[in-house]
Enquirer: 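Sharing a structure with you now.
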Amino acid sequence: MKKGVVILGGLLALAFCLPAVAQPSAKAVETIVIDNFDEQQDWSWGARASRFVAEGYPIVKTFEAMPNSLRAYHKEGDPEGLVLGTKIAFDRKGDNWFEVFPQDAEGNLHEIPFVGTVTQMDFWVWGANYNYKLEVLVRDADGRVHVLKAGSLHFQGWRNIVLNIPTWIRQHSYIRSGRPDMTFVGFRIRTDVTAAVDNYVIFFDQLKYTTNTLSNIYDGYELKDAFEKEEAAKAK
C-alpha cells in the first residue's frame, strides 16, 4: 500500500513540474505608437482654449528636437526628430485651460482608436516650470469621456509620463452595435489661478501605449461585421 502511495505521489509531482508548453496564450502585449511627430499621419494636431484666450492663440507647430534619453535610439545620419509644440496666452489669470488634440483635414476632432485592452499610456512632456496641471482625455466604449490626471507640469525640461488606465473604464462594447474600442481624445492643460498666463509653451513627443492586442479577440471574431462587409463589397 505504501509503495502505491509513493508511485502516485511521484506521478503528481512530475505532472506539476512539466512545462505548460501546450497551453494557448490569450496575451500579446505590445507597445503601439500613436504619434512620434516625425512622420505624416492621417491627422494633424490642433488646439482650442477657454474664453479668456488671447487673440491669435493657441499656436501649434512642430520643431526639430527630442529628449536626450531618446537620442540613444537615434541613428547617425537620420534627420533630427520632431516634437509637437503649443504656445498659449490668456488675457487674465484664473481657471483657464486649453486642449491639444488630433484633427482631420477640416479641423474637426479626430479621435484615435486604441487597439486591444490598454494598460498604460506613455509619452514625453516638456514642462516650463509653471504650476499647471496635465490631463489626458479618453472616450470609453459607452461614449463617455474620462479625464485622467497626468500630474503637475511644475518642472523644467523633458519628463517621461507613464499613466495607468483604470480597469473600470469600459474599453470594448459588450454588444455588436456599440462603439468598437476606447479612443484617445486629446490632452488638456489647466492653469493655476495664481500662475502667470501671458506666455506659456509646452511640447510633446513619443505618444504611445501598452496593450494586450488579443484581449478582445474571440473564436469567430471575423464574423462580427460580416453583413456590413458584404454590403460594402456589393456597393463598389
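Computed over heavy atoms, backbone and side chain alike; hydrogens, waters and symmetry mates excluded.
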Enquirer: Given side-chain contact (heavy atoms from CB on, under 4.5 Å), test V33 with L207 step by step and report yes or no.
Expert: CA-CA 6 Å; V33 177; L207 173 59; over 6 Å; no
Enquirer: Got V185 and L109 here, is their nearest side-chain heavy-atom distance under 4.5 Å?
Expert: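 Yes, their side chains come closer than 4.5 Å.
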Enquirer: Look up atom CG in N96 and atom CD1 in I88, then write down how far apart they are to the nearest 0.5 Å.
Expert: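 Between N96 CG and I88 CD1, I get 8.5 Å after rounding to 0.5 Å.
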Enquirer: So which atom in R48 and which in P58 form the shortest heavy-atom distance, rounded to 0.1 Å?
Expert: N-CG, 4.0 Å
Enquirer: Taking side chain as C-beta onward, heavy atoms only, is T191 less than 4.5 Å from F90?
Expert: yes
Enquirer: Output the distance between atom OH (Y209) and atom OG1 (T119), rounded to the nearest 0.5 Å.
Expert: 11.0 Å
Enquirer: Hey, any chance V145 and V118 share a hydrophobic cluster, counting ILVMFWY side chains that come within less than 4.5 Å of each other, even indirectly?
Expert: no
Enquirer: Find out if a path of hydrophobic residues (ILVMFWY) with successive side-chain heavy-atom gaps under 4.5 Å connects I34 to I202.
Expert: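 In one cluster with I34: I202, yes.
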Enquirer: Answer yes or no: does atom CG of N108 have more than 12 heavy-atom neighbours from other residues, nucleotides or ligands under 6.0 Å?
Expert: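 Yes, because the 6.0 Å sphere around CG of N108 holds more than 12 heavy atoms from other groups.
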Enquirer: Given the rule in the side-chain contact (heavy atoms from CB on, under 4.5 Å) test, do I169 and M182 qualify, once you have shown the distances and angles that lead to the verdict?
Expert: CA-CA 9 Å; I169 293 181; M182 180 176 71; 3.8 Å; yes
Enquirer: With no hydrogens and no angle check, is any side-chain donor or acceptor of T183 less than 3.5 Å from a backbone partner on E111?
Expert: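 Side chain of T183 to backbone of E111: no pair is present.
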Enquirer: Heavy atoms only: give me the nearest N164-P166 pair and the separation to one decimal.
Expert: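 Smallest heavy-atom distance, with atoms named: O-CD, 3.5 Å.
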Enquirer: Would you call D140 and R170 a salt bridge, using N to O less than 4.0 angstrom?
Expert: no
Enquirer: For R144, does its backbone N or O pair with a side-chain atom of D142 as donor and acceptor, under 3.5 Å?
Expert: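 Absent.
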Enquirer: Please tell me if the side chains of L137 and F184 come closer than 4.5 Å, counting only heavy atoms from C-beta onward.
Expert: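 No, their side chains stay 4.5 Å or more apart.
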Enquirer: Say you draw a straight line from CE of M121 to CD1 of I161; how long is it, rounded to the nearest 0.5 Å?
Expert: 11.5 Å
Enquirer: For a quick test of reading the model, state the closest non-hydrogen atom pair linking V138 to L148 and the distance between them.
Expert: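 Taking V138 first and L148 second, the nearest heavy atoms are CG2-CD1, 4.1 Å.
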Enquirer: Please round to the nearest 0.5 Å and tell me the distance separating atom CD of Q206 and atom OG of S69.
Expert: 11.5 Å
Enquirer: Decide whether I165 and I32 are clustered together by the hydrophobic rule: side chain heavy atoms of Ile, Leu, Val, Met, Phe, Trp, Tyr closer than 4.5 Å, transitively.
Expert: yes
Enquirer: Flag the pair W168 / H146 as yes when at least one side-chain heavy-atom distance between them is below 4.5 Å, and no otherwise.
Expert: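 A side-chain contact exists here, since the closest heavy-atom pair is under 4.5 Å.
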Enquirer: Test side-chain hydrogen bond (donor to acceptor under 3.5 Å, both in side chains) on E30 and T213 and set out the steps.
Expert: CA-CA 7 Å; E30 299 181 33; T213 54; 3.2 Å; yes
Enquirer: Enter the distance from L163:CG to Q120:CD here, rounded to the nearest 0.5 Å.
Expert: 8.5 Å
Enquirer: Could you please spell out the steps behind the side-chain contact (heavy atoms from CB on, under 4.5 Å) verdict for Y57 and D91?
Expert: CA-CA 11 Å; Y57 293 93; D91 291 328; over 6 Å; no
Enquirer: If you define the side chain from C-beta out and look only at heavy atoms, does anything of K133 sit under 4.5 Å from K149?
Expert: no
Enquirer: Side chains of D205 and N36: any donor to acceptor distance under 3.5 Å?
Expert: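 N36 vs D205: no donor-acceptor pair found between side chains.
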Enquirer: Ignoring hydrogens and geometry beyond distance, is a side-chain donor-acceptor pair present between W43 and D35 at under 3.5 Å?
Expert: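 A pair is found: one side chain offers a donor N or O, the other an acceptor, under 3.5 Å apart.
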Enquirer: Compare every heavy atom of H172 with every heavy atom of A141, then report the nearest pair and how far apart it is.
Expert: CB-C, 3.4 Å
Enquirer: Any salt bridge between R190 and E99, counting N to O under 4.0 Å?
Expert: no
Enquirer: Evaluate R188 against V147 for side-chain contact (heavy atoms from CB on, under 4.5 Å), listing each step before the verdict.
Expert: CA-CA 9 Å; R188 179 186 292 155; V147 178; 3.9 Å; yes
Enquirer: Give a yes or no on whether the backbone of D181 and the side-chain of S173 come within a donor-acceptor separation of less than 3.5 Å.
Expert: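 No; zero donor-acceptor contacts below 3.5 Å.
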Enquirer: The criterion is ring pair (Phe, Tyr, Trp, His ring centres under 6.0 Å); which residues satisfy it with F101, sequence neighbours excluded?
Expert: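 Ring pair (Phe, Tyr, Trp, His ring centres under 6.0 Å) list for F101, sorted by chain: empty.
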Enquirer: When you measure from the side chain of T31 to the backbone of T210, do you find a donor-acceptor pair of N or O atoms at a distance under 3.5 Å?
Expert: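 It does not hold such a pair.
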Enquirer: With the 4.5 Å side-chain cut-off for hydrophobic clustering, are F98 and V193 part of the same group?
Expert: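 No; V193 is not reachable from F98 via cluster members.
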Enquirer: Find the distance between CD (E80) and CZ (F63) and round it off to the nearest 0.5 Å.
Expert: 13.5 Å
Enquirer: How would you list, by chain and number, every residue that makes a salt bridge (charged side-chain N to carboxylate O under 4.0 Å, His left out) with D198, sequence neighbours excluded?
Expert: none
Enquirer: Within the 4.5 Å heavy-atom criterion, are I59 and T86 side-chain neighbours or not?
Expert: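 No, their side chains stay 4.5 Å or more apart.
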Enquirer: Side chains of Q103 and S44: any donor to acceptor distance under 3.5 Å?
Expert: yes
Enquirer: For a quick test of reading the model, state the closest non-hydrogen atom pair linking G143 to R139 and the distance between them.
Expert: O-NH1, 3.1 Å
Enquirer: Name each donor-acceptor pair under 3.5 Å that joins a side chain in residues 123-132 to protein atoms two or more places apart or in another chain, with its distance.
Expert:
unit_1, atom_1, unit_2, atom_2, d
N129, OD1, F155, N, 3.4
Y130, OH, N199, O, 3.0
Y132, OH, A196, O, 2.5

Enquirer: Which pair of heavy atoms, one from A28 and one from N212, lies closest together, and at what distance?
Expert: N-OD1, 3.0 Å
Enquirer: Determine whether more than 12 heavy atoms belonging to other residues, nucleotides or ligands lie under 6.0 Å from atom CZ of R71.
Expert: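 Buried by this count: over 12 neighbours within 6.0 Å.
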Enquirer: With clusters defined by side-chain heavy atoms of hydrophobic residues (ILVMFWY) lying less than 4.5 Å apart, directly or transitively, does V100 cluster with F52?
Expert: no
